[in-house]
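Nothing here was measured: the structure is a model prediction, and the numbers come from that model. Because only heavy atoms are used, hydrogens play no part in the values below, and waters and symmetry mates are left out as well, while side chains stay in. By convention in this document, chain letters (A, B, ...) are assigned in the order of the sequence lines, proteins followed by strands, and residues within each chain are numbered from 1.
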Number of protein chains: 2
Amino acid sequence: MLDMVRSGSVDEYLEVLRNSISKRELIIIIGECTVDYSGRSESKLTSGERIVVIKQDGALLIHRPFGYSPVNWQPSTVVIEVRKIDDDRIVVTAIRSKPREILNINFSRIDLIIHGKLVDHGEFIMYMDELDMRDILFEHPEMIEKGLKIVEKEKPVNGGYIDLFGYDVNGKPVIIELKRVTAGRDAVLQLYSYVKKYEEKLGVKPRGILVAPAISSSAIEALNKLRLEWREIDLKKLWSFKKQKEVHHESLLKYLGKRGER
Amino acid sequence: MLDMVRSGSVDEYLEVLRNSISKRELIIIIGECTVDYSGRSESKLTSGERIVVIKQDGALLIHRPFGYSPVNWQPSTVVIEVRKIDDDRIVVTAIRSKPREILNINFSRIDLIIHGKLVDHGEFIMYMDELDMRDILFEHPEMIEKGLKIVEKEKPVNGGYIDLFGYDVNGKPVIIELKRVTAGRDAVLQLYSYVKKYEEKLGVKPRGILVAPAISSSAIEALNKLRLEWREIDLKKLWSFKKQKEVHHESLLKYLGKRGER
DNA sequence: CTCTGGATGTCGCTA
DNA sequence: TAGCGACGTCCAGAG
């Protein structure tokens, strides 16, 4: 159940905040504040009206009235304290110990506080992330190249992982790196490092194929220099392919089950 | 000024939301909903109590009562619509055209809506990001190596950028890659690609130095294999160094000015 | 517009 | 716990 305090005195607000924090309630504060952060970096934010959200697990977000990102924040591993200074200001402090970080929110005015417990046991399911892409291509390597046989996915190589590993029609080893977004130079370098690692270890130079829906021009250049290849893959096609299968054979629950297994 | 609606009818909520959206107000909705996303990926979120924030620039966030990240969202380049379905449900739809993305929030219950304009012209200043680190080391290359002369920062090399470029005490070219956090294999590869690019273009093999506060073990291995070097840098030292200078010679405003210039 | 690399990135997984 | 890589990453800056 949600509660709200508005036009309260500083002491009322203080009381409500302390109470809510100890009960691990969700808290939303709207008011005018300055913010100081110190830790992995340092930042200062001069006065303005903001929304402060303290979540039930202690995560803290400070949002300006615009933009996607919180201007300041603290993840859930924090201790949160509230105190009064100068008789009329409320200061919220969030401290994290590892890494050592301190966030201070200094309110010159609080417009309202909403607090209470929200119940959310909803299931969140994401489709067509890189794992889905990998699983579909594992089952259907012909979408990458005719005659390609995939023998392993998530193959460990000294530190990192090869997305897909197999052999081409001529029996030559193939290392495949997947990207679900436009691939840049970084993706090429990643693939290259796996190819090199493999060559060092096995003494055989494998083919390296970058599979992505698109690729940047400098990435193409890098591929050529490093004698690597790339294949364009249509995500929509992959996707509809997967859906087709599911409509007939799988319910959402089954899909979730399958997901848990891999 | 903030306004609030609570225990309203579906039609009241609908009216308030439409009005607020057209006025580009900040809106906070707390209620029970399901969420569907379709675009770069696809996701489904089953029923639960959440906080929905629509910001004054159209950015939209859906937060569960726990965690730092919004479970679903839409950046500020969206069209937002509200409609009623089944006579008792409110659906908020946020559509982005590039990339094509649709977000649907289907409310089975709304607990409260807060709306209004927030005024926030506060100045946000971040210290000790990689740019600060780069600028300080540009002025004081001796913190990396004795006799090192830096001649260029943000040097463009075919696509990417070299953080710092200079010559060592023997006149040998040095490429420096900076990381303000623990450096991993990716940082080594990035440095390596710049070194290679430089060598290909100039025909001279430069030294490559990774400067970071710490480095992972496999990154060290990679450095050795690729004949690259690394220097540990104490961020706190760099930082206090900068602060020392500012205390005596610069106000916050001047710092901001300088920041704008670079 | 695309491309590139940073971020207090966060998050999840694995050794 | 550290390391590694994905992310609907977002975002700013440059060409």
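Comparing atom distances between the S217(A) side chain and each of dC3(C), dT8(C), dC10(D) picks out dC3(C) as nearest. Side-chain proximity of R40(A) to the nucleotides dG5(C), dT10(C), dG5(D) is greatest for dT10(C). Among the nucleotides dT8(C), dC10(D), dG6(C), the one closest to any side-chain atom of S43(A) is dT8(C). Nearest to the side chain of E177(A), among dA6(D), dC11(C), dC3(C), sits dA6(D). Set against dG8(D), dT10(C), dG5(C), the side chain of Y194(B) has dG5(C) as its closest nucleotide. Among the nucleotides dT10(C), dT9(D), dG5(C), the one closest to any side-chain atom of V181(A) is dT9(D). Side-chain proximity of D129(A) to the nucleotides dG5(C), dC7(D), dA7(C) is greatest for dC7(D). The listed nucleotides are dG8(D), dG3(D), dT8(C); the one nearest the side chain of T182(B) is dG3(D). Relative to the side chain of E130(B), the nucleotides dC11(D), dG9(C), dA7(C) differ in distance, and dA7(C) lies closest.
Straight-line distance from the CG atom of D186(B) to the P atom of dC7(D): 16 Å, rounded to whole Å. Nucleotide dA6(D) holds its C1' atom 14 Å from the CE atom of M128(A), rounded to whole Å. We find that OH of Y161(B) is positioned 14 Å from C1' of dG6(C), with the value rounded to whole Å. Rounded to whole Å, atom P of dC7(D) lies 12 Å from atom CZ of F124(A). Nucleotide dG5(C) holds its C1' atom 17 Å from the NZ atom of K153(B), rounded to whole Å. For the pair I215(B) CD1 and dG3(D) P, the interatomic distance rounds to 10 Å; values are reported in whole Å. When the C1' atom of dC10(D) is taken as reference, atom CG of L61(A) falls 15 Å away, rounded to whole Å. As a whole-Å value, the separation of F66(B) CZ from dG12(C) P is 10 Å.
Close to dT9(D), at under 4.0 Å from its OP1 or OP2, lies no side-chain N or O of S69(B). Residue Y68(B) has no polar side-chain atom (N or O) positioned under 4.0 Å from OP1 or OP2 of dT9(D). Contact check, K179(B) against dG6(C): a side-chain N or O comes under 4.0 Å of OP1 or OP2.
Between V71(A) and G67(B), the residue anchored closer to the 5' end of DNA chain C is V71(A), taking for each the nucleotide with the nearest heavy atom. Both E101(A) and G184(A) sit near DNA chain C, but only G184(A) has its closest nucleotide nearer the 5' end. Position along DNA chain D of the nearest nucleotide to R180(A) versus R185(B) favours R185(B) as the more 5'-ward residue. Both K98(A) and L103(B) lie near DNA chain D, and the one whose nearest nucleotide falls closer to the 5' end is K98(A).
Ring orientation note: the planes of Y198(A) and F165(A) are tilted relative to one another, at an angle of 30° to 60°.
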**Q.** Derivation of the side-chain contact (heavy atoms from CB on, under 4.5 Å) call for L61(A) and L61(B)
**A.** CA-CA 12 Å; L61(A) 311 167; L61(B) 310 167; over 6 Å; no
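The side-chain heavy atoms of I105(A) and R50(A), taken from C-beta on, include no pair separated by under 4.5 Å. Under the 4.5 Å side-chain criterion, counting only non-hydrogen atoms from C-beta, R100(A) is in contact with I95(A).
A salt bridge links K225(B) with E221(B): the distance from a Lys NZ or Arg NE/NH1/NH2 to an Asp or Glu carboxylate oxygen falls below 4.0 Å.
One N or O donor and one acceptor, one from the side chain of Q74(B) and one from the base of dG8(D), sit under 3.5 Å apart. Taking only distance into account, the side chain of Y37(B) meets the base of dG8(D) through a donor-acceptor pair shorter than 3.5 Å. Judged by distance alone, with hydrogens and angles left aside, N72(A) brings a side-chain donor or acceptor within reach of the base of dT8(C), the pair sitting under 3.5 Å.
For the residue pair E101(A) and G39(A), the shortest heavy atom distance occurs at CG-CA, 3.8 Å.
Shown here is R231(B), whose CZ atom has more than 12 heavy atoms of other residues, nucleotides or ligands within 6.0 Å.
No engagement by G39(A) is indicated, since no non-hydrogen atom pair under 4.0 Å with the nucleic acid exists. Across all strands, P156(B) comes closer than 4.0 Å to no nucleic acid atom at all (heavy-atom distances).
For W73(A) and dT8(C), the ring-to-base geometry satisfies the stacking test (centroid distance below 5.5 Å, interplanar angle below 30°).
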